[in-house]
Amino acid sequence: MKLGFLFPGQGSQSIGMGKDLYEKYEIVRKMYEKVKTLTNVDVAEISFTGEEEILNETKNTQLAVLTMSLGILEVLKQANIKAEVVSGLSLGEYTGLIYGEAIGLEEGIKLVQKRGQYMQELVPEGEWLMAAIMGMNEEQVQEVCQKVTNGFVIPVNFNTTGQIVISGEKEAVQQAAFIAKEKGAKKVRELKTAGPFHTKKLEEAAKAFRKELEQVTFCSLKVPVVKNLNGSFYEKEDNMKEILAEHMIHPVQFSKGLETMLAMGVDTFIEIGPGKTLSGFVKRLEKEREVSILNINNVETLENVIGGLKNE
């Protein structure tokens, strides 16, 4: 068995996420407490009992999703369950880099806090929207965006076979959604995000974040991590600071990353964190062989995965 971990990003959040894990596992509670101490943000309160509008603020969402994933990883570590390769969707790449020990835990948490703040605060004025288009390939989605006559919209997340996310000005994204449906898209769904992420509109945020990255010491990875930038693994010669700054304003090649993991021989994927969106991406991806797809987003799924893998 070759195990690969997948870490979700922004958009996977929901009120109550991680609450049962927090209540059952002391090691999870300690992770939430550590994040609160480091960031002065009460992620537990925001995640468990807060208002959805507050959780959906980028500066809160990113910390909340990261904290839940890190808490689950601590329990898996105690159970001696380790991945041979990891990948994360956008924000999830930081969970992967912390897991692979390219960044220290405390530095990684602080970095994600800054990333979320800049992505929320340093956005040009205007109404922004992201939407997932289902049932179209890359070429068709590019064509849809080019047909939009009023405003800015481009494809930004290449998630899996037949699912691509577009990002831009609200009116332009809505026009693209209408065109996509006319041209045969199976479904278009607006996302719970709050900015023109992974576009050039975030250049100011990327510039500010680059300065934060300059203060961070990056180490050699102990576990292979897939880059969102091009879907390949981080290499020793890579400039991680430059890649992570560029990551903010470039499309996410998550589908290519999954293909890289499959080519490496991963046969068991475990999604770690809120929701099960990434599990769905693996299911929809065209594969030459059967793979196991698991997800951990509460106590029940965590215990099922640990029990199942220990019996392998």
For L258 and L6, what are the C-alpha separation, side-chain angles and deciding distance, and is it a side chain to side chain contact (heavy atoms under 4.5 Å, CB included)?
-> CA-CA 9 Å; L258 291 176; L6 302 175; 3.9 Å; yes
What distance do [X] atom [atom1] and [Y] atom [atom2] have between them, rounded to the nearest 0.5 Å?
X: Q215; Y: L213; atom1: CD; atom2: CG; value: 9.5 Å
X: M31; Y: L21; atom1: CE; atom2: CG; value: 12.5 Å
X: I46; Y: L55; atom1: CD1; atom2: CG; value: 7.5 Å
X: L38; Y: Q113; atom1: CG; atom2: CD; value: 9.0 Å
X: L278; Y: E271; atom1: CG; atom2: CD; value: 4.0 Å
X: K110; Y: I103; atom1: NZ; atom2: CD1; value: 13.0 Å

Are [Y] and [X] connected in a single hydrophobic cluster, I mean Ile/Leu/Val/Met/Phe/Trp/Tyr linked by side-chain heavy atoms less than 4.5 Å apart?
X: I306; Y: V28; value: yes
X: F158; Y: L262; value: no
X: M130; Y: I164; value: no
X: M248; Y: V153; value: no
X: V85; Y: V305; value: no

Evaluate the side-chain proximity of [Y] to [X]: yes if any heavy-atom separation is below 4.5 Å, no if none is.
X: W128; Y: K201; answer: yes
X: L294; Y: T268; answer: yes
X: T260; Y: F233; answer: yes
X: S167; Y: H198; answer: no
X: P251; Y: P155; answer: no
X: I81; Y: F5; answer: yes
X: D238; Y: F218; answer: no
X: N157; Y: F254; answer: no

Under 3.5 Å: donor-acceptor pair, side chain of [X], backbone of [Y]:
X: R29; Y: E23; result: yes
X: K256; Y: V252; result: no
X: T199; Y: I249; result: no
X: N228; Y: S90; result: yes
X: D20; Y: N298; result: no
X: S47; Y: A64; result: no
X: K82; Y: L3; result: no
X: Q140; Y: N137; result: yes
X: Q13; Y: T61; result: no
X: K59; Y: E57; result: no

Heavy atoms of other groups near [X] [atom1], more than 12 under 6.0 Å:
X: E171; atom1: CD; result: no
X: K241; atom1: NZ; result: yes
X: K77; atom1: NZ; result: no
X: E237; atom1: CD; result: yes

Between [Y] and [X], do the side chains contain a donor N or O and an acceptor N or O under 3.5 Å apart?
X: N304; Y: T301; answer: no
X: Q10; Y: T58; answer: yes
X: T149; Y: Q175; answer: yes

Audit row: N297, M17, side chain to side chain contact (heavy atoms under 4.5 Å, CB included) steps and yes/no = CA-CA 8 Å; N297 55 33; M17 67 182 200; over 6 Å; no
Kindly give the heavy-atom pair with the smallest separation between [X] and [Y], and that separation in Å.
X: P8; Y: V65; result: O-CG1, 3.6 Å
X: V173; Y: A131; result: CG1-CB, 3.8 Å
X: A208; Y: L122; result: CB-CD1, 3.6 Å
X: G275; Y: N295; result: O-ND2, 4.1 Å
X: N150; Y: A172; result: O-CB, 3.5 Å
X: V123; Y: M119; result: CG2-O, 2.8 Å

Among all residues two or more places apart in sequence or in another chain, which pass the side-chain contact (heavy atoms from CB on, under 4.5 Å) test with Q174?
->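 So Q174 forms a side-chain contact (heavy atoms from CB on, under 4.5 Å) with L129, K170, E190.
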One thing to verify: whether [Y] and [X] come together as a salt bridge, which I'm taking to mean a side-chain N less than 4.0 angstrom from a carboxylate O.
X: R210; Y: E214; answer: no
X: D267; Y: K2; answer: no
X: E74; Y: K34; answer: no

What residue among N159, T161, T160 forms side chain to side chain donor-acceptor pair (under 3.5 Å) with Q163?
->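 Among the candidates, only N159 passes.
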Verdict with supporting geometry, K147 and E182, salt bridge (Lys or Arg N to Asp or Glu O under 4.0 Å) | CA-CA 12 Å; K147 285 187 178 295; E182 279 197 323; over 6 Å; no
Give me the ring orientation class for Y32 and F48: parallel if the planes are under 30° apart, tilted from 30 to 60°, perpendicular past 60°.
->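 Plane angle between 30° and 60°, so tilted.
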Using the side chain to side chain contact (heavy atoms under 4.5 Å, CB included) rule, take K186 and K181 through it: C-alpha gap first, then chi angles, then the decisive distance, then the call.
-> CA-CA 7 Å; K186 288 181 184 174; K181 287 174 188 171; over 6 Å; no
Any residue meeting salt bridge (Lys or Arg N to Asp or Glu O under 4.0 Å) with K222, in chain and number order, not counting sequence neighbours |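 With neighbours one apart ignored, the set is E101.
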Salt bridge (Lys or Arg N to Asp or Glu O under 4.0 Å) against E204, all qualifying residues, sequence neighbours excluded |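 Here the qualifying residues are K207.
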Begin with the C-alpha distance, continue with both residues' side-chain angles, and end with the deciding distance and a verdict on side chain to side chain contact (heavy atoms under 4.5 Å, CB included) for L63 and I109.
-> CA-CA 7 Å; L63 267 182; I109 291 166; 4.2 Å; yes
Residue of the set L91, I272, I72 for which side-chain contact (heavy atoms from CB on, under 4.5 Å) holds with F7 =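 So the option named by the test is I272.
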